[in-house]
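Working notes for the structure below.
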2 protein chains.
Amino acid sequence: MSQTVDRALSILPLLAEGPADLGQVADRLGVHKSTALRLLRTLHEHGLVYRQSDQHYRLGARLFALAQEAMENLDVREIAHPHLVRLNESCGHTVHLAVYEENEVLYIDKVESRYPVRMYSRIGKPVAITVAAVAKLLLADLPEHERRALAEKLDYPMYTSRSTPNPAAFLRELEKVREQGWATDLGGHEESINCVAAPIRGADGRVVAAMSVSAPNVVVTADELLTLLPLVRRTADAISGEYSGRTPAELQ
Amino acid sequence: MSQTVDRALSILPLLAEGPADLGQVADRLGVHKSTALRLLRTLHEHGLVYRQSDQHYRLGARLFALAQEAMENLDVREIAHPHLVRLNESCGHTVHLAVYEENEVLYIDKVESRYPVRMYSRIGKPVAITVAAVAKLLLADLPEHERRALAEKLDYPMYTSRSTPNPAAFLRELEKVREQGWATDLGGHEESINCVAAPIRGADGRVVAAMSVSAPNVVVTADELLTLLPLVRRTADAISGEYSGRTPAELQ
DNA sequence: CAGGTGCGTTGCATCTACTGCAACACTCGT
DNA sequence: ACGAGTGTTGCAGTAGATGCAACGCACCTG
């Protein structure tokens, strides 16, 4: 709606692809160099863009700080984290927490046992929305029309032969998930990875987040993973309870 | 430099403090509600801002994705990571990697042994710049005038009795660090935590990053930690070599 | 070293598009 | 039902964003 701001913000994803110099930015925005310069300067003042040693702009540090703080205001994450850790300790597999926002599902927390994994490789990245178990749960809870509209808009990449192929199949799957109150992804994203997931609900019963346990075939079979379902659901319910009940919030 | 963009971007830190509604945003920007609305809409279209259930704006998902991608183009991190992991495996303590950018020092990687720690609690957050060992190394390498100017501008919070108290002391410390080629922080940030750090240099010899090993007093004394210095320096040098030499980059 | 090319940067006249106003629509609360 | 507090829309006026052309500067190249 605001042209100037729109142009300025378009620079960010552009720089996310890699550093670029003034000319390149101007070209890709379709504006004069002087215009691009002023936009970049403004972004720079706010720390969103950084001018590295020789020419070339790149995304700046403030971006991390902002993403940081944004995360910290997500109270579901705050509440869920200890539960996720405990679940991880008892089953040993990777545990994810995800939320839905603006036609995307994204991981907001992750606990993996063995190594101190590079969490940032997943956290913040959009989820494979048509196949991930957490995505199914989050989308299944959307109002009917919204769900349909979204299903139509999505792409259905065939990550594997078991990926969801089209809107119809997806909507059917969502309906099933909606009824049973939990979801799985059995090799739909990566051939050898299975997940089971359960929803976290707010006081009004709406799904505010979803959590999952993932493990590769070689460690546990899909059937064995399914035996964890009760534990996952119990954990999710515990988080739901804490999130929706009157809790720490008031005490501060 | 560009008023409209400037105003729009000012909304982000404002929302980072917590969700706010249209009126609050307009007030704090000092503009009319309709103006604030259009700015917010533009931010919204770019996914930087999210409108939650009803009313109240908050920082949006795209922010994570951007921060994400920004991280991924930091090639030092890419190269350094396996070395950090190996160092961690051999000594067991927390290992950090940090860079200097625009008057700030920030952690861009961290490896901790025991638990899969919530890395985001540190990564992306600005470092206590006047006391952290990595900060000393990064600042010590700045050109004289820049270093002086920065030292004057900084605050010198007394985290502990051993924190750097003022610009003069800081500059002296930087000089020392500069000469010896490594740095420590012995209880300057938190009474019981010590660090040793070493610089990572680019092909031109300039410090591009710094890494450190930290451990609490109760696990190893400062003296014991110092025995790790050679190992830390060797690791840093290995990273420097790989970063500055002709390396994988060409092979892709 | 003179001349050339490719950058980023600046000042300025033009006119776009951003602003604030005032009126409207809507949801609550009492 | 009504008023207070929201968010939202259309519009006229002008602040401020735009693109141009000229300049400065570093780096090649003959």
Side-chain angles (χ1 to χ4, degrees), chain A residues 1-15 17-60 73 101-102 143 145-146 202-206, chain B residues 1-15 17-60 73 101-102 143 145-146 202-206:
Chain A
M1 274 270 157
S2 166
Q3 189 191 64
T4 316
V5 177
D6 185 52
R7 285 174 171 172
L9 297 182
S10 303
I11 293 178
L12 298 178
L14 191 155
L15 289 184
E17 293 170 21
D21 64 22
L22 180 60
Q24 297 169 327
V25 172
D27 280 355
R28 297 205 37 189
L29 281 188
V31 300
H32 193 95
K33 283 187 303 176
S34 60
T35 306
L37 181 65
R38 253 169 321 104
L39 297 178
L40 280 166
R41 279 227 252 262
T42 312
L43 289 169
H44 180 90
E45 272 175 27
H46 285 260
L48 297 185
V49 141
Y50 170 62
R51 185 153 201 199
Q52 58 184 167
S53 43
D54 55 330
Q55 273 106 318
H56 286 61
Y57 292 88
R58 68 178 338 153
L59 294 180
N73 303 357
E101 183 174 321
E102 305 280 307
H145 61 280
E146 216 174 312
D204 53 0
R206 295 219 34 194
Chain B
M1 273 268 159
S2 166
Q3 190 191 62
T4 316
V5 178
D6 184 52
R7 286 174 170 169
L9 296 183
S10 303
I11 294 178
L12 298 178
L14 190 156
L15 289 183
E17 294 170 22
D21 64 23
L22 181 61
Q24 297 169 328
V25 171
D27 281 354
R28 298 207 34 194
L29 281 188
V31 300
H32 193 95
K33 284 187 302 176
S34 59
T35 305
L37 180 64
R38 253 167 322 105
L39 296 178
L40 281 166
R41 279 225 253 261
T42 313
L43 289 169
H44 180 89
E45 271 174 26
H46 285 259
L48 297 184
V49 140
Y50 171 61
R51 188 155 198 198
Q52 54 185 172
S53 38
D54 56 333
Q55 267 105 327
H56 291 304
Y57 292 88
R58 68 178 337 153
L59 294 180
N73 316 356
E101 183 172 309
E102 306 278 307
H145 60 280
E146 214 173 315
D204 54 0
R206 296 218 35 192

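Chain letters run A, B, ... following the sequence lines, proteins first, then strands; residues in each count from 1. Any value given below was found using the heavy atoms of this structure, including those in side chains, with hydrogens, waters and symmetry copies removed.
Within 4.0 Å of B/Ser2, counting heavy atoms only, lie sugar-phosphate atoms of the nucleic acid but no base atom.
Map B/Gln3 and B/Lys33 each onto its nearest nucleotide of DNA chain C; the residue landing nearer the 5' end is B/Gln3. If you find the closest nucleotide of DNA chain C to A/Arg7 and to A/Arg41, the one lying nearer the 5' end belongs to A/Arg41.
Atom OH of B/Tyr57 and atom P of D/dT6 are 14 Å apart (whole Å). Atom CD in B/Gln24 sits about 12 Å away from atom C1' in D/dT6, given to the nearest Å. Rounded to whole Å, atom P of C/dT9 lies 11 Å from atom CG of A/Asp21. Atom CE in A/Met1 sits about 11 Å away from atom P in C/dC18, given to the nearest Å. Atom CG in B/Leu37 sits roughly 16 Å away from atom C1' in C/dA17 (whole-Å rounding). Rounded to whole angstrom, the span from the CG atom of A/Leu39 across to the C1' atom of C/dC18 amounts to 14 Å. If you measure from atom NE2 of A/His32 to atom C1' of C/dA13, you get 14 Å, rounded to the nearest angstrom. Here C/dC18 presents its P atom at 9 Å from CG of A/Asp6, a figure rounded to the nearest Å.
Here the side chains of A/Arg51 and A/Arg41 are not in contact, with every heavy-atom distance at 4.5 Å or above.
Remark: A/Thr35 is in phosphate contact with D/dG19, judged by side-chain N or O atoms under 4.0 Å from OP1 or OP2. When the side-chain nitrogen and oxygen atoms of B/Arg38 are compared with OP1 and OP2 of C/dC18, none of them lie within a distance under 4.0 Å.
With rounding to the nearest 0.5 angstrom, the CD1 atom of A/Ile11 is 10.5 Å from the CG atom of A/Leu48. Put simply, OG1 on A/Thr4 and CG on A/Leu39 are 7.5 Å apart, with the number rounded to the nearest 0.5 Å.
No N or O donor and acceptor, one from the side chain of A/Thr4 and one from the base of C/dC18, sit under 3.5 Å apart.
Looking at A/Glu101 and B/Arg58, no side-chain N of the basic residue comes within less than 4.0 Å of a carboxylate O on the acidic one, giving no salt bridge.
The side chain of B/Leu22 approaches D/dG7 more closely than any other nucleotide in the set D/dG7, D/dA17, D/dC20.
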